[in-house]
Undergrad: 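Below is a structure I'd like to ask you about.
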Number of protein chains: 2
Amino acid sequence: MTAGGRPAEPEVIWSRPQRAGRGPRPAHSRESIAAEAVRIADAEGIEAVSMRRVAAGIGAGTMSLYNYVPRKEELYELMVDAVSGEYEFTAPTGDWRADLLALARQTRALMHRHPWLPRLLSPVYGFSPNALRYLEHSLECLAPLDVPDAEKLELVAAVNGTVATYVAGELALAERARALPWSEDEEQGVRTAWLGSRLASGEYPRLAAAVSGTGPVPGAGLDMAAVFDRSVSRLLGAWGT
Amino acid sequence: MTAGGRPAEPEVIWSRPQRAGRGPRPAHSRESIAAEAVRIADAEGIEAVSMRRVAAGIGAGTMSLYNYVPRKEELYELMVDAVSGEYEFTAPTGDWRADLLALARQTRALMHRHPWLPRLLSPVYGFSPNALRYLEHSLECLAPLDVPDAEKLELVAAVNGTVATYVAGELALAERARALPWSEDEEQGVRTAWLGSRLASGEYPRLAAAVSGTGPVPGAGLDMAAVFDRSVSRLLGAWGT
DNA sequence: TCTTAGTTACGTACGCCGTACGTAATGGGG
DNA sequence: CCCCATTACGTACGGCGTACGTAACTAAGA
């Protein structure tokens, strides 16, 4: 242990007790810290989340935060778990495909509310309390499906992968524009112009054909929710009967 | 334009000429810059890639790099495009599912060679030259498939999403351990212990059942390449006839 | 009850980071 | 041939994550 009680050994933040027996009672909690970080990320983007900002936001000194969160990466884990608690699980209907589609829609809505979520999901890869609740509920929904349990987890992973990539694509343009000094329209403009000039070169005839008719970028006149439903449903159709 | 000739307007880096007509001939190239950044990221992780490191690596002053790369984000675009050039496209066989599976395997191998790639893919969302080559080749492979072109692009996106998420999961443990002062085994140990203790609580009966038998973390005794092939094949099976 | 050891709080400091800006050198287009 | 766009790059600013040291606090053990 270092002087400040911060361990230099591997650990999972969830297995640490919030309150140790000995010293003064902690003035803050993981929940309030996570909530503040989520608030900042929602309002100003994930790059605005710093240990200093979060500490200041809850009215603590910068280094006090390290009593609750050993590293910034753990702060990310807290954030992901916090928003994962926004799922509303309803009882399985017996139609596992409908249930999983409903879950996927919730995930998409969650990511639209918290656009930084897709970028944090892959580095984290943890089994946080709310992630476990999510997995357990998914398996409940999959009870009618007659495949080995291990494959059910594969199915859940596949759906989540598709959802994450799909929504990341949806959000990419807006997120990039928000982090740069120009607008989403300008960003889309220069990218469309560039793509148009390349396609006009004739080097990519099939791509040019595929892009003509629809816009080159997601969201250009398409009903994204419908496309989303179709993509997820198609994936779900590959399992089972 | 600022004094240094660095534009503050939206632009796509690929539409900038490498050499302007006027001044001294540039001492470096986008290719060598991208190669150096890739070298650093491969050896020490993406977090070791900084403008200073890359500039020093090619023997340039830090701020000289900004004559070639207007922002760090554009450096990431160069990196993604550079490794995208490692694809080896072979003529379509007529069996589009086999062709796309082969492409997906190449993507997986690419991501294993460059473990930072999955994390850079979503923020970038660009149509770099090599990305266009990739898309064009994918559409060539999909010529035998009788669905609208727009859906073919959806299929390619779905496959890439699945691949990216799958490989990101494969790599997460090792990548996280590399960025922290302890080993991958220690990392896996504490996470497995935590998961075990939660599952033993009885709150997640279905998850506990699914996890018993196989290891809780990917790669615990499984043939990951086979699981990968199965996942991608299943997805491909959802399209077409 | 009193000590004491573990814990919380937090100020200071170090070595990084991205990049704005100013200046000197360079060499092709008019 | 000369002008000026362009390259090269040093300096500097404000921010970052976090190591470390110290003071205040409180529950557990004597």
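Sequence lines set the chain letters: A, B, ... in the order given, protein chains first and strands last, and positions in each chain run from 1.
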Undergrad: Rounded to the nearest Å, what distance is computed from the CD1 atom of residue B:Ile58 to the C1' atom of nucleotide D:dC9?
TA: 13 Å
Undergrad: Hey, does B:Asp81 have a side-chain heavy atom less than 4.5 Å from the side chain of B:Glu77?
TA: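 Heavy-atom side-chain distance check fails, nothing below 4.5 Å.
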Undergrad: Got a sec, which residues hit side chain to side chain contact (heavy atoms under 4.5 Å, CB included) with B:Arg39, two or more places apart in sequence or on another chain?
TA: B:Glu36
Undergrad: Is any side-chain N or O of A:Arg52 under 3.5 Å from a base N or O of D:dG15, one able to act as donor and the other as acceptor?
TA: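 Result: no qualifying N/O pair found.
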Undergrad: Can you list everything that forms a side-chain hydrogen bond (donor to acceptor under 3.5 Å, both in side chains) with B:Tyr204? Sequence neighbours excluded, please.
TA: none
Undergrad: Pick the closest DNA chain D nucleotide for A:Arg22 and for B:Thr62 by heavy atoms, then say which residue is nearer the 5' end.
TA: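 The residue whose closest nucleotide sits nearer the 5' end is B:Thr62.
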Undergrad: Is there a residue in residues 24-45 of chain A whose heavy atoms reach under 4.0 Å of DNA chain D, and which residues are they?
TA: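 Close to the strand are A:Pro24, A:Arg25.
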Undergrad: Round to a whole Å and report the spacing from CG of B:Leu75 to P of C:dC17.
TA: 13 Å
Undergrad: Send over the distance from B:Met51 CE to D:dG10 C1', rounded to a whole Å.
TA: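 Between C1' of D:dG10 and CE of B:Met51: 16 Å.
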Undergrad: Test your reading of the model: is there a side-chain donor-acceptor pair from A:Trp116 to the backbone of A:Glu47, 3.5 Å cut-off?
TA: no
Undergrad: Assuming nearest nucleotide by heavy-atom distance, tell me which of B:Glu47 and B:Arg19 is located more 5' along DNA chain C.
TA: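 Nearest nucleotide further toward 5': that of B:Glu47.
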Undergrad: Using the salt bridge (Lys or Arg N to Asp or Glu O under 4.0 Å) criterion, which residues pair with B:Glu186? Sequence neighbours excluded.
TA: none
Undergrad: What's A:Gly23 touching, base or sugar-phosphate or nothing? Going by heavy atoms closer than 4.0 Å.
TA: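 The residue A:Gly23 makes base contact.
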Undergrad: Test of understanding: with side-chain hydrogen bond (donor to acceptor under 3.5 Å, both in side chains), list the residues that count as partners of B:Ser231, not counting sequence neighbours.
TA: none
Undergrad: Expressed in angstrom and rounded to an integer, what is the separation of B:Glu74 atom CD from C:dT19 atom C1'?
TA: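 So the CD-C1' distance, B:Glu74 to C:dT19, works out to 13 Å.
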Undergrad: Measuring from the side chain of A:Met63 (C-beta onward, heavy atoms only), which nucleotide among C:dT12, C:dT7, C:dG18 has the closest atom?
TA: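 Between C:dT12, C:dT7, C:dG18, the one nearest the side chain of A:Met63 would be C:dT12.
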Undergrad: Take atom CG of A:Leu65 and atom C1' of D:dC16, then tell me their distance rounded to the nearest Å.
TA: 14 Å
Undergrad: How long is the line joining CZ of B:Arg53 and C1' of C:dC17, in whole Å?
TA: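 Answer to the nearest Å: 13 Å.
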Undergrad: What's the OH-C1' distance between B:Tyr66 and D:dT6, to the nearest Å?
TA: 19 Å
Undergrad: Checking contacts here: which listed nucleotide (C:dA9, C:dC10, C:dT19) is nearest the side-chain heavy atoms of A:Asn67?
TA: C:dA9
Undergrad: Quick one: side-chain hydrogen bond (donor to acceptor under 3.5 Å, both in side chains) partners of B:Gln18, sequence neighbours excluded?
TA: B:Glu31
Undergrad: With sequence neighbours excluded, what pairs up with A:Glu175 under the side-chain hydrogen bond (donor to acceptor under 3.5 Å, both in side chains) test?
TA: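 With sequence neighbours excluded, A:Glu175 shows a side-chain hydrogen bond (donor to acceptor under 3.5 Å, both in side chains) to A:Arg178, given in chain and number order.
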Undergrad: Would you mind classifying the nucleic acid contact of A:Ser64 as base, sugar-phosphate or nothing, using non-hydrogen atoms under 4.0 angstrom?
TA: base
Undergrad: Where each pair must be Watson-Crick or G-U wobble with both distances under 3.5 Å, what dot-bracket representation of DNA chain C is obtained, with crossing pairs in [ ] and other-strand partners as |?
TA: ||||||||||||||||||||||||||||||
Undergrad: Can you list the residues that meet the side chain to side chain contact (heavy atoms under 4.5 Å, CB included) rule with B:Ala20, with sequence neighbours excluded?
TA: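 Not a single residue meets the side chain to side chain contact (heavy atoms under 4.5 Å, CB included) criterion with B:Ala20.
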